[in-house]
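Below is one structure, written out as structure tokens; the observations come after it.
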Amino acid sequence: MSDGAPTAAPSTTSAVSAPVSTETWDPCTIPDEAIEAAGLAVETKKSTLIGERPISPDWSTCYWRNPLPESWYHLGVFSSVFSLDYLREEGPFEQFTAVDGFDGLRFQRKIKYDEVSCGIAFGRDGGVVYFMLDGLARTEPRADPCAEVERLARSLRSSLPSSK
């Protein structure tokens with residue numbers, strides 16, 4: 001029975017939100033062809049840097065070296081469901097700066113070691129991906145580490161998940 005007020009028609013549609021990703025993207029899925037084209041040694045690929053255990057259950061990682069005989073660094077690619085804001089605010093990094101003509105942010109470690117390093121981070125749908133270039137111990141760098149990690153990131157960007 002109606003008292004003169006309009007009645008709502010039953011809804012024929014439902015609002016369903018897309019599920020939030022709870023899995024990290026695996027950086028070791030970057031194609032070997034892209035790794036080789038970036039100037040990294042495909043045969044050096046490892047999912048952990050030291051030992052068999054991952055650095056954390058919250059992160060997926062993959063590492064490569066630049067080819068011998070001129071090898072002076074390794075590149076780690078890290079992926080997590082954590083956001084880029086989390087990395088900026090809670091992570092062990094600082095000095096986040098925009099990179100001209102690129103959607104990545106360059107950063108440095110908060111704790112400084114006697115090593116060469118530099119990173120580039122990207123926000124992605126469902127998390128963050130970052131590249132960390134670390135110089136090999138007792139090896140002189142053959143280039144500016146920030147310029148080299150930016151070159152690598154630009155070369156491999158198309159192999160990463162879509163950005164935010």
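Just so it is clear, the values below take in all heavy atoms, side chains as well, and ignore hydrogens, waters and symmetry mates.
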Does any non-hydrogen side-chain atom of [Y] lie less than 4.5 Å from one of [X]?
X    : Y    : value
I30  : W25  : yes
L75  : M132 : no
F131 : L160 : yes
V116 : W72  : yes
W64  : V42  : no

Exercise. Would V77 end up clustered with L136 when hydrophobic side chains under 4.5 Å apart are linked, directly or stepwise?
Worked result: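 No, V77 does not connect to L136 through the hydrophobic network.
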Euclidean distance, [Y] [atom2] relative to [X] [atom1], rounded to 0.5 Å:
X    : Y    : atom1 : atom2 : answer
R124 : D103 : CZ    : CG    : 14.0 Å
L156 : L40  : CG    : CG    : 6.5 Å
R106 : I120 : CZ    : CD1   : 5.5 Å
T48  : K46  : OG1   : NZ    : 6.0 Å
D58  : S80  : CG    : OG    : 5.5 Å

For this session: Can you sort out the partners of E36 under salt bridge (charged side-chain N to carboxylate O under 4.0 Å, His left out), two or more places apart, ordered by chain and number?
Result: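 E36 satisfies salt bridge (charged side-chain N to carboxylate O under 4.0 Å, His left out) with no other residue.
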Problem set entry | Partners meeting salt bridge (charged side-chain N to carboxylate O under 4.0 Å, His left out) with R65 (sequence neighbours left out) |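 In terms of salt bridge (charged side-chain N to carboxylate O under 4.0 Å, His left out), with neighbours along the sequence ignored, R65 is linked to no residue.
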For this session: Determine the interplanar angle of the F93 and F96 rings, folded into 0 to 90°, and report it as parallel if under 30°, tilted if 30 to 60°, perpendicular if over 60°.
Result: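 Ring orientation, 0 to 90° scale: perpendicular.
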Exercise. Applying the side-chain hydrogen bond (donor to acceptor under 3.5 Å, both in side chains) test to S60, which of D26, T24, T29 qualifies?
Worked result: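 Of the listed options, the one satisfying the test is T24.
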For this session: Let me see the working for L87 and F82 under side-chain contact (heavy atoms from CB on, under 4.5 Å), right down to the final yes or no.
Result: CA-CA 7 Å; L87 191 69; F82 291 118; over 6 Å; no
Identify the heavy atoms of [X] and [Y] that sit nearest to each other, and give their distance.
X    : Y    : value
A34  : S159 : CB-OG, 3.6 Å
C62  : K45  : SG-CG, 3.5 Å
S83  : V128 : C-CB, 4.0 Å
L84  : G123 : CD2-N, 3.8 Å
G101 : R154 : O-NH1, 3.5 Å

Problem set entry | Any pair counted as side chain to side chain donor-acceptor pair (under 3.5 Å), so long as it reaches residues 136-149, sequence neighbours left out |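 Side chain to side chain donor-acceptor pair (under 3.5 Å) check on residues 136-149 returns E70-R142, Y73-E148, E148-R151.
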For this session: Please list all pairs passing the side chain to side chain donor-acceptor pair (under 3.5 Å) test where one or both residues lie in residues 89-100, with sequence neighbours left out.
Result: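 Listed once each, the pairs are E94-K112.
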For this session: Please determine if R157 forms a cation-pi arrangement with F122, meaning its NZ or CZ atom is less than 6.0 Å from the six-membered ring centre and no more than 45° off the ring axis.
Result: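 Yes, cation above the ring, under 6.0 Å and within 45°.
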Exercise. Side chain to side chain contact (heavy atoms under 4.5 Å, CB included) with A37: which residues, sequence neighbours excluded?
Worked result: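 Partners of A37 under the side chain to side chain contact (heavy atoms under 4.5 Å, CB included) test: none.
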Problem set entry | Aromatic centroids of Y63 and F78 separated by under 6.0 Å |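 Yes.
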For this session: Could you check T44 against H74 for side-chain contact (heavy atoms from CB on, under 4.5 Å), going step by step and ending with a plain yes or no?
Result: CA-CA 9 Å; T44 64; H74 64 83; over 6 Å; no
For this session: Please collect all disulfide (SG to SG under 2.5 Å) contacts where either partner lies in residues 117-159, sequence neighbours excluded, each pair once.
Result: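 Non-adjacent pairs meeting disulfide (SG to SG under 2.5 Å): C118-C146.
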